[in-house]
> 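Dropping the structure in here first, questions after.
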Amino acid sequence: MRATRRTTVRTPNDLLELVGVELGVSAPQVVTQGQVDQFADVTGDHQWIHVDVERARSGPFGTTVVHGFLTLSLVPRLLADILEVQTFSMGVNYGLDRVRFVKPLPPGVEIQGVATLVSAAPIPAPTAGGAAGVQAKASVAVEFVDGSQPCCVAEILFRYYD
């Protein structure tokens with residue numbers, strides 16, 4: 001397990017100085033089979049490799065596996081554990097540039113996020129009279145705690161407004 005580490009900046013503009021820097025490592029997290037089942041209900045993806053524990057034992061992974069998109073949905077949460085911007089009016093998840101589901105994640109296995117700031121640039125105010133801000137991109141690897149091997153790697157774009 002990597003030691004948890006967090007970067008704290010005062011304002012969104014402080015991100016401009018951190019491009020290329022590893023921002024830190026999140027606290028360990030676990031996705032449970034119950035969460036997988038709930039995600040299946042919400043998305044309608046009841047593929048047996050995710051929800052049928054008995055059948056999955058004899059399947060290709062020997063267990064159920066977490067939906068890739070459930071793993072991906074944890075990226076903003078992991079990043080929030082790694083990066084704190086103290087003063088801003090609004091934060092927005094802006095999108096993704098690249099996502100890979102590198103290795104299946106079984107429920108109950110500890111994971112943690114590792115993030116590096118890839119880019120950061122000033123952006124204009126979204127509306128007349130609104131606050132300007134910074135758009136940033138972080139590469140987040142969702143790694144297995146027991147070996148630092150990733151199960152998911154994503155480049156997430158986010159915006160903080162002053």
> Does CD belonging to Gln86 count more than 12 external heavy atoms closer than 6.0 Å?
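Check passes, neighbour count above 12.
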
> Give a yes or no on whether Phe61 and Val102 share a hydrophobic cluster (residues Ile, Leu, Val, Met, Phe, Trp, Tyr; joining criterion: side-chain heavy atoms under 4.5 Å apart).
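In one cluster with Phe61: Val102, no.
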
> Honestly curious: do Leu78 and Val153 fall in one hydrophobic cluster under the side-chain, below-4.5 Å linking rule?
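They do not share one cluster, since no chain of ILVMFWY contacts under 4.5 Å joins Leu78 to Val153.
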
> Let me confirm one number: the OH-CD1 distance from Tyr94 to Ile156, rounded to the nearest 0.5 Å.
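Tyr94 atom OH to Ile156 atom CD1 measures 13.5 Å (nearest 0.5 Å).
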
> Could you tell me if the side chain of Leu72 sits less than 4.5 Å from the side chain of Val99, heavy atoms only?
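When only atoms from C-beta onward are counted, Leu72 and Val99 do touch, with a gap below 4.5 Å.
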
> List the atom of Phe101, the atom of Gly68, and the distance in Å for their closest heavy-atom pair.
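Minimum heavy-atom separation between Phe101 and Gly68: CE2-O, 2.9 Å.
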
> How far does CD of Glu143 sit from CZ of Arg2, to the nearest 0.5 angstrom?
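Interatomic distance, Glu143 CD to Arg2 CZ, rounded to 0.5 Å: 4.0 Å.
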
> How many angstroms lie between atom CZ of Phe158 and atom CG of Leu79, to the nearest 0.5 angstrom?
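Nearest 0.5 Å value for the CZ-CG distance: 5.0 Å.
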
> Say whether Val118 and Val25 are linked into one hydrophobic cluster, either directly or through other cluster members, by side-chain heavy-atom distances under 4.5 angstrom.
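In one cluster with Val118: Val25, no.
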
> Do Phe39 and Val36 come within less than 4.5 Å of each other through their side chains, counting heavy atoms only?
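In short, these two side chains do not touch, never coming nearer than 4.5 Å.
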
> For residues Val65 and Val75: do they belong to one hydrophobic cluster (side chain heavy atoms under 4.5 Å, members Ile, Leu, Val, Met, Phe, Trp, Tyr)?
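Cluster IDs for Val65 and Val75 differ.
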
> Hey, does the side chain of Gln35 reach the backbone of Thr32 with a donor-acceptor pair shorter than 3.5 angstrom?
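Looks like yes, one N/O pair under 3.5 Å.
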
> Is it the case that over 12 heavy atoms from other parts of the model lie below 6.0 angstrom from the CZ atom of Arg10?
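12 or below, so no.
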
> Are any non-hydrogen side-chain atoms of Val134 and Val85 less than 4.5 angstrom apart?
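Contact flag for Val134/Val85 side chains = no.
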
> Transitively linked via ILVMFWY side-chain contacts under 4.5 Å: Val19 with Tyr160?
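Yes.
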
> Identify the residue among Asp81, Leu83, Val114 that makes a side chain to side chain contact (heavy atoms under 4.5 Å, CB included) with Ser26.
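Only one of Asp81, Leu83, Val114 forms a side chain to side chain contact (heavy atoms under 4.5 Å, CB included) with Ser26, namely Asp81.
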
> Quick check for you: to the nearest 0.5 Å, what is the distance between Thr63 atom OG1 and Gln33 atom CD?
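Rounded to the nearest 0.5 Å, the OG1-CD separation comes out at 7.0 Å.
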
> Which heavy atom of Cys152 sits nearest a heavy atom of Thr71, and at what distance?
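The answer is CB-CG2, 3.7 Å.
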
> Write down the atom of Ile123, the atom of Ala132, and the distance for their closest heavy-atom approach.
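So the minimum-distance heavy-atom pair works out to O-CB, 3.4 Å.
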
> Can you list the steps and then say if Thr4 with Arg6 is a side-chain contact (heavy atoms from CB on, under 4.5 Å)?
CA-CA 7 Å; Thr4 60; Arg6 176 174 223 187; over 6 Å; no

> Within the structure provided, determine whether Lys137 and Asp97 are in side-chain contact (heavy-atom separation under 4.5 Å).
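Yes, close enough: below the 4.5 Å cut-off.
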
> Is it the case that over 12 heavy atoms from other parts of the model lie below 6.0 angstrom from the CZ atom of Arg77?
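Result for CZ/Arg77: open.
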
> If every non-hydrogen atom of Gly59 is compared with every non-hydrogen atom of Trp48, which pair is closest and at what distance?
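In this case the closest contact between Gly59 and Trp48 is CA-CH2, 3.9 Å.
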
> Under 3.5 Å, is there a donor-acceptor pair between the Asp41 and His46 side chains?
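A pair is found: one side chain offers a donor N or O, the other an acceptor, under 3.5 Å apart.
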
> Test your reading of the model: is there a side-chain donor-acceptor pair from Arg57 to the backbone of Asp52, 3.5 Å cut-off?
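Side chain of Arg57 to backbone of Asp52: no pair is present.
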
> Looking at every non-hydrogen atom in both residues, tell me the closest pair between Val145 and Pro28 and how far apart they are.
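Here Val145 and Pro28 meet closest at CG2-CB, 4.1 Å.
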
> Are the side chains of Leu15 and Val9 in touch, meaning some heavy atoms are under 4.5 Å apart?
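Yes, their side chains come closer than 4.5 Å.
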
> Checking side-chain contact (heavy atoms from CB on, under 4.5 Å) for the pair Leu105/Val109: CA distance, chi angles, key distance, verdict?
CA-CA 7 Å; Leu105 170 61; Val109 174; 4.2 Å; yes

> Can you check whether Tyr161's main-chain N or O pairs, donor with acceptor, with Ser89's side chain at less than 3.5 Å?
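Judged by distance alone, yes, a pair lies under 3.5 Å.
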
> Find out whether Thr7 and Leu117 are in side-chain contact, i.e. whether some heavy atom of one side chain is under 4.5 Å from a heavy atom of the other.
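The answer is no; the side chains never approach within 4.5 Å.
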
> For the CG atom of Asp146 and the CD atom of Gln112, what is their distance to the nearest 0.5 Å?
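So the CG of Asp146 and the CD of Gln112 are separated by 10.0 Å.
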
> Which distance, rounded to the nearest 0.5 Å, do you find between the CG of Asp37 and the OG1 of Thr64?
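Here the rounded value is 8.0 Å.
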
> How are the rings of His50 and His67 set relative to one another: parallel (under 30°), tilted (30 to 60°) or perpendicular (over 60°)?
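The arrangement is parallel - the two ring planes meet at less than 30°.
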
